[in-house]
Amino acid sequence: MRFRLECTDSRTRARTGRLTTRHAEIETPVFMPVGTAGSVKALLPDRLSAMGARIILGNTYHLFVRPGLEVIRQFHGLHRFMAWPGALLTDSGGFQIFSLQGRARVDDQGVAFQSHLDGKAFFLTPEDVVDIQDDLDSDIQMVLDHFAGYPASRDDHARAGRRTADWARRARGRFLEKEKRNAQFAIVQGGLHEDLRLESLAELKQIGFDGYAVGGLSVGEPRAEFERIVAYTCPLLPADSPRYLMGSGTPEEILFAVEAGVDMFDCVMPTRNARNGCLFTRRGRLAIKNERFRNDVLPPDPECSCYTCRNFSRAYLRHLYLAREINSAVLNTIHNIRFYLDLLRDIRYSIRLNRFAAFKNAFLSQYLEGE
């Protein structure tokens, strides 16, 4: 993997770059659609690629428990298994394991957990997670981290940060034993405590990774606290490496984080909201089930050129949603993913023109104003 910083907006920390992997060249800042179980829900890979997606995210935990590594190994990795030609980033599964509510137990060696599918018991070490991701053959792997949760005490976050650093050191050792051309990113923890974030990052930088992520946010903390930690932590991440903000995905969050220097984003919001009948537009969100759209002949977003907006009305999309037709999820997801990809494309363009702040203000003024 190679990362080249291309330009920085003079009035903010916003920046563009180029991330080159074995499977794709990716312009940053970039949004990565989430394909947790080896599929971006309601979208075929060729449609996703044609829309401009160059990298998507898969989840190590979910793929490990189903279909299992013995299946994926037959296809020599996840790319061929799911017929995805672009790049893949695989999350370590740490967040999913720690959210199993009583099904997981963590100690310094690793994580013991029960499958959410059948209750089968597993134990994974940081080294095991590297080996699993090698079988998945992802372009970018995330190390196993310890997420303390929210709310949690300062002591809990301190312990989680120390364990995350220890696991990262072990994971890096295992990763470097292998002759691979993929990359490995570490995850900064520390909750809402700036000093713990700084301590976590210092230890991870000492180990040395190909990229750095900020984890443990967008889990229910107040918006002001999210912004404070992003604004503090992101500028401290190495400037010559990709910077990844995990799991944060409202347009407002993305714009704020880009301004702080973030390069990579992922979130289930565009796909999950699509299945729930919520569409993102340049004038805010549309709840397509609302009665006011019953006879609306307009497309979801008159300024959008996606397949859905070029061919279908709000009235039709409302009908599909209320009738529980499968095409409701398909058409809504096409639009929402295109909205996110277009937003990041426009962000990159504004940075190159040294006009990111003006773009952000204009976008939010229209988006928050609504219809």
Side-chain angles (χ1 to χ4, degrees), residues 14 29-34 40-43 47-48 50-53 56 218 223 226 245 247-259 262 265-351 355-371:
V30 63
F31 179 79
M32 301 179 288
V34 176
V40 176
K41 288 181 172 61
L43 277 187
R47 167 71 69 176
L48 194 58
M51 290 165 63
I56 63 175
S218 295
R223 173 74 181 273
F226 165 85
L245 179 60
S248 299
T250 68
E252 302 97 311
E253 288 172 344
I254 288 174
L255 286 161
F256 182 85
V258 166
E259 190 168 32
V262 173
F265 301 89
D266 80 280
C267 189
V268 299
M269 188 169 288
T271 48
R272 180 176 292 169
N273 280 22
R275 298 193 302 278
N276 292 325
C278 178
L279 301 176
F280 290 91
T281 79
R282 286 160 179 77
R283 293 191 176 275
R285 303 185 198 184
L286 297 183
I288 202 64
K289 68 180 180 181
N290 287 352
E291 174 67 20
R292 69 189 181 100
F293 299 125
R294 185 171 185 268
N295 297 304
D296 196 331
V297 299
L298 290 175
D301 187 345
E303 299 177 53
C304 178
S305 62
C306 77
Y307 173 79
T308 301
C309 289
R310 283 187 284 109
N311 291 281
F312 303 101
S313 67
R314 297 172 180 178
Y316 181 67
L317 296 178
R318 178 178 183 272
H319 158 68
L320 291 183
Y321 181 76
L322 294 178
R324 299 184 179 180
E325 287 286 341
I326 291 173
N327 277 348
S328 171
V330 173
L331 293 174
N332 291 350
T333 302
I334 287 172
H335 170 74
N336 277 359
I337 290 293
R338 177 65 181 273
F339 172 87
Y340 270 70
L341 295 176
D342 284 354
L343 171 60
L344 271 295
R345 179 204 62 200
D346 292 346
I347 286 172
R348 292 191 297 269
Y349 185 66
S350 74
I351 296 171
R355 291 185 52 80
F356 173 74
F359 169 80
K360 175 191 170 189
N361 292 337
F363 178 92
L364 289 177
S365 176
Q366 186 180 46
Y367 182 79
L368 297 175
E369 175 186 277
E371 288 202 311

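The structure displayed is predicted, hence computed values, not measured ones.
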State whether the side chain of Asp266 and the backbone N or O of Gly247 hold a donor-acceptor pair below 3.5 Å, judged by distance alone.
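Present.
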
Side-chain donor/acceptor of Arg314 to backbone N/O of Ile288, under 3.5 Å
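It does not hold such a pair.
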
How far does [atom1] of [X] sit from [atom2] of [Y], to the nearest 0.5 angstrom?
{"X": "Ser328", "Y": "Arg275", "atom1": "OG", "atom2": "CZ", "answer": "11.0 Å"}
{"X": "Phe312", "Y": "Ile334", "atom1": "CZ", "atom2": "CD1", "answer": "8.0 Å"}
{"X": "Asn311", "Y": "Leu331", "atom1": "CG", "atom2": "CG", "answer": "9.0 Å"}
{"X": "Leu322", "Y": "Lys289", "atom1": "CG", "atom2": "NZ", "answer": "9.0 Å"}
{"X": "Phe31", "Y": "Cys267", "atom1": "CZ", "atom2": "SG", "answer": "6.0 Å"}

Looking at side-chain heavy atoms only, is the closest gap between Leu279 and Asn332 below 4.5 Å?
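Yes, side chains in contact.
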
State, yes or no, whether a side-chain contact exists between Phe339 and Pro251 at a heavy-atom distance under 4.5 Å.
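The answer is yes, as the side chains (C-beta and beyond) meet within the 4.5 Å cut-off.
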
Please enumerate all residues that pass ring pair (Phe, Tyr, Trp, His ring centres under 6.0 Å) together with Phe256, with sequence neighbours excluded.
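In terms of ring pair (Phe, Tyr, Trp, His ring centres under 6.0 Å), with neighbours along the sequence ignored, Phe256 is linked to no residue.
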
Please identify each residue that fulfils side-chain contact (heavy atoms from CB on, under 4.5 Å) with [X], with sequence neighbours left out.
{"X": "Phe356", "result": "Asp9, Thr12, Ala14, Leu255, Val258, Glu259, Ile347, Ser350, Ile351, Lys360"}
{"X": "Thr333", "result": "Ala42, Leu43, Thr271, Ala274, Ile337"}
{"X": "Arg285", "result": "Thr250, Met269, Asn273, Cys278, Phe280, Tyr367"}
{"X": "Asn276", "result": "Arg272"}

Over all atoms of both residues, closest heavy-atom pair of [X] and [Y]:
{"X": "Pro302", "Y": "Pro299", "result": "CA-CG, 3.8 Å"}
{"X": "Cys306", "Y": "His335", "result": "SG-ND1, 3.6 Å"}
{"X": "Leu317", "Y": "Pro300", "result": "CD1-CG, 3.3 Å"}
{"X": "Ser218", "Y": "Phe226", "result": "OG-CE1, 3.7 Å"}

Using a strict cut-off of less than 4.0 Å between a Lys/Arg side-chain nitrogen and an Asp/Glu carboxylate oxygen, indicate whether Glu291 and Arg318 qualify as a salt bridge.
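Judged by the 4.0 Å cut-off on N to carboxylate O distance, Glu291 and Arg318 do form a salt bridge.
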
side-chain hydrogen bond (donor to acceptor under 3.5 Å, both in side chains) contacts touching residues 297-308 (sequence neighbours left out)
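As it turns out, the side-chain hydrogen bond (donor to acceptor under 3.5 Å, both in side chains) pairs with a partner in residues 297-308, which skip direct neighbours, are Arg282-Asp301, Glu303-Gln366, Ser305-Arg338.
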
Just do the side chain to side chain contact (heavy atoms under 4.5 Å, CB included) check on Val268 and Lys41 with the steps written out, would you?
CA-CA 10 Å; Val268 299; Lys41 288 181 172 61; over 6 Å; no

Please step through side chain to side chain contact (heavy atoms under 4.5 Å, CB included) for the pair Phe363 and Asp346, ending with a clear verdict.
CA-CA 10 Å; Phe363 178 92; Asp346 292 346; over 6 Å; no

Under the side chain to side chain contact (heavy atoms under 4.5 Å, CB included) criterion, do Leu320 and Tyr316 qualify, and how do the steps go?
CA-CA 6 Å; Leu320 291 183; Tyr316 181 67; 3.4 Å; yes

How would you list, by chain and number, every residue that makes a side-chain hydrogen bond (donor to acceptor under 3.5 Å, both in side chains) with Asn336, sequence neighbours excluded?
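Residues passing side-chain hydrogen bond (donor to acceptor under 3.5 Å, both in side chains) with Asn336: none at all.
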
Excluding sequence neighbours, so at least two apart, what forms side-chain hydrogen bond (donor to acceptor under 3.5 Å, both in side chains) with Arg294?
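Applying side-chain hydrogen bond (donor to acceptor under 3.5 Å, both in side chains) to Arg294 gives none.
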
Got a sec, which residues hit salt bridge (Lys or Arg N to Asp or Glu O under 4.0 Å) with Arg345, two or more places apart in sequence or on another chain?
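Arg345: salt bridge (Lys or Arg N to Asp or Glu O under 4.0 Å) contacts with Asp342.
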
Is it true that atom CZ of Arg324 has more than 12 heavy atoms of other residues, nucleotides or ligands lying nearer than 6.0 Å?
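For Arg324, atom CZ is not crowded (no more than 12 foreign heavy atoms under 6.0 Å).
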
